[in-house]
Amino acid sequence: MGEVTVIIVNWNGGTLLDECLASLAQQSYPPAQVLLMDNGSTDGSAQRARQMPGITVRFLGDNLGFAAANNRALSECDTEFVALLNPDASPGKDWLMNLVNAAQACPGVAAFGSRQMNQRFPKVIDGLGDVYHVSGLVWRNGYGRTERVADHIPDMIFSPCACAALYRREALANIGGFDEDFFCYVEDVDLGFRLRLAGYSAMYVPDAVVYHAGSASTGGQHSDFSVYHGHRNLVWTYIKNMPGSLFWILLPVHVFLNLVSIIHFSIHGKGKVIVRAKRDSLKGVAKMWRKRREIQSNRRASVMAIWHSLDKRLWLAKKY
């Protein structure tokens, strides 16, 4: 079995980080290394982690964001696999073993997602992999519903949620890692999209279970911070990655999504933050278009392969 480096990016993870590291210490397949990248925490969580055996803590000083902190960690890794784990996620004892077993059984797959369960309500799904819609909207499959029998069946997915995922390190190196301009939110979908464009695929591993608190350090799913970064980065992900003719064919749908988002969040008291997110996304279009040229020039997947990987359902109101 291949060696794994587990990377945890921490920012004021509090006691949730303590629980995460305690669960990680009980893994039936121990990681070769655990790298905790601390983004300037002030709650003492990183100092406590430093006292735990087998944990290497890197104090980054400032909050560099999820994307940049992971890239710093990746530059230190030399193991075959890297596993990303959020500090507010507690893995089951066979989590890592089941991810590595899946990777060994499926050498053509580069990314592996976990069965994420709600930490407070363990029978409620937190996510079964990320979905990318033709409009550019993204969400975690199954989020918020009760667990079903079908959720225990492995399946191919668009991309894994980086809350708890395993990647082949070489594949991440080949596409340049995370986009640091994203800071956080949707950066894992952007990464998954670029992996797919480069010819890789992703798989959901139902036996790899984690219990996730969710947005614990950023104020919740609909905080100003989450809305701003998520909806700015949705635009950038579409611009960079939607290939060939699909970009132009689906562009009106993407524009419509953004208009609906502005209306929706304005009605719910988030007008200023959603407008700022979309304004700043437009300011970054030129830079993202330059990135697009490089990404698309190296694309190996066909346009039709990408089309088949997209979600095409019509009714999306509940996804907000």
Under a plain distance cut-off of 3.5 Å, with no hydrogens placed, do [Y] and [X] share a side-chain donor-acceptor pair?
X	Y	result
Asn101	Tyr29	no
Asn10	Asp38	yes
Gln47	Arg50	no

Plane angle bin for Phe183 and Phe225 - parallel if under 30°, tilted between 30 and 60°, otherwise perpendicular: perpendicular
Whether His133 and Trp139 hold their rings parallel, tilted or perpendicular, with breakpoints at 30° and 60°: tilted
To the nearest 0.5 Å, what is the distance between [atom1] on [X] and [atom2] on [Y]?
X	Y	atom1	atom2	answer
Ser309	Met304	OG	CE	10.5 Å
Tyr167	Leu84	OH	CG	5.5 Å
Ile8	Met37	CD1	CE	11.5 Å
Ile175	Glu170	CD1	CD	12.5 Å
His212	Met117	NE2	CE	13.0 Å
Leu128	Asp155	CG	CG	10.0 Å

For side-chain contact (heavy atoms from CB on, under 4.5 Å), just list the numbers for Met97 and Gln27, CA-CA rounded to whole Å, side-chain angles, deciding distance to a tenth of an Å, and then say yes or no. CA-CA 8 Å; Met97 181 181 70; Gln27 290 296 294; over 6 Å; no
Heavy-atom closest pair, residues [X] and [Y]:
X	Y	result
Ala111	Leu195	CB-CD1, 4.3 Å
Val303	Gly244	CG2-CA, 4.4 Å
Ser261	Ile274	O-CG1, 3.9 Å
Val6	Pro31	CG2-CB, 3.7 Å
Lys270	Ser223	NZ-C, 4.0 Å
Arg120	Pro122	O-CD, 3.5 Å

In sequence, state the C-alpha distance, the side-chain angles, and the governing distance for Leu310 and Leu250, and then conclude on side-chain contact (heavy atoms from CB on, under 4.5 Å). CA-CA 11 Å; Leu310 304 178; Leu250 298 175; 4.2 Å; yes
Flag, side chain of [X] to backbone of [Y], donor-acceptor distance under 3.5 Å:
X	Y	value
Ser114	Ala164	yes
Lys312	Trp307	yes
Gln104	Leu99	no
Tyr204	Asp151	yes
Asn233	Phe182	yes
Arg168	Glu80	no
Asn141	Gly129	no
Asp224	Val273	no
Asn118	Asp126	no
Arg194	Leu172	no

Is there a path of hydrophobic side-chain contacts, each under 4.5 Å between heavy atoms of I/L/V/M/F/W/Y residues, joining [Y] to [X]?
X	Y	answer
Val235	Val186	yes
Leu24	Val4	yes
Tyr238	Ile295	yes
Phe121	Val210	no
Leu246	Trp248	yes

Report yes if the side chains of [X] and [Y] come closer than 4.5 Å at any heavy-atom pair, otherwise no.
X	Y	answer
Gln33	Glu3	no
His229	Glu187	no
Tyr132	Val189	yes
Val205	Leu166	no
Leu197	Pro243	yes
Met203	Met156	yes
Ser41	Leu17	no
Val138	Phe158	no

Run the numbers on Gln119 and Ser90 for side-chain contact (heavy atoms from CB on, under 4.5 Å), then give the verdict. CA-CA 8 Å; Gln119 194 174 76; Ser90 295; 3.7 Å; yes
Step by step, would you call Arg299 with Gln296 a side chain to side chain donor-acceptor pair (under 3.5 Å)? CA-CA 5 Å; Arg299 174 168 60 87; Gln296 300 301 328; 3.3 Å; yes
Could you please spell out the steps behind the side-chain contact (heavy atoms from CB on, under 4.5 Å) verdict for Arg72 and Glu180? CA-CA 11 Å; Arg72 301 295 188 281; Glu180 298 185 12; 3.2 Å; yes
Carboxylate-amine/guanidinium proximity below 4.0 Å for Arg115 and Asp207: no
Show which side-chain atoms of residues 285-292 pair as donor or acceptor with protein atoms under 3.5 Å away, not counting sequence neighbours.
from, atom 1, to, atom 2, distance (Å)
Lys287, NZ, Asp181, OD1, 3.1
Lys287, NZ, Asp181, OD2, 3.0
Lys291, NZ, Asp179, OD1, 2.8
Lys291, NZ, Asp179, OD2, 2.9
Lys291, NZ, Asp181, OD2, 2.6
Arg292, NH1, Ile239, O, 3.0
Arg292, NH1, Met242, O, 2.6
Arg292, NH2, Met242, O, 3.0

More than 12 heavy atoms of other residues, nucleotides or ligands under 6.0 Å from OH of Tyr228: yes or no? yes
Within 6.0 Å of CZ in Arg279, more than 12 heavy atoms from elsewhere: yes
Sorted by chain and number, sequence neighbours left out, ring-ring contact (aromatic ring centres under 6.0 Å, His included) with Phe59 holds for none
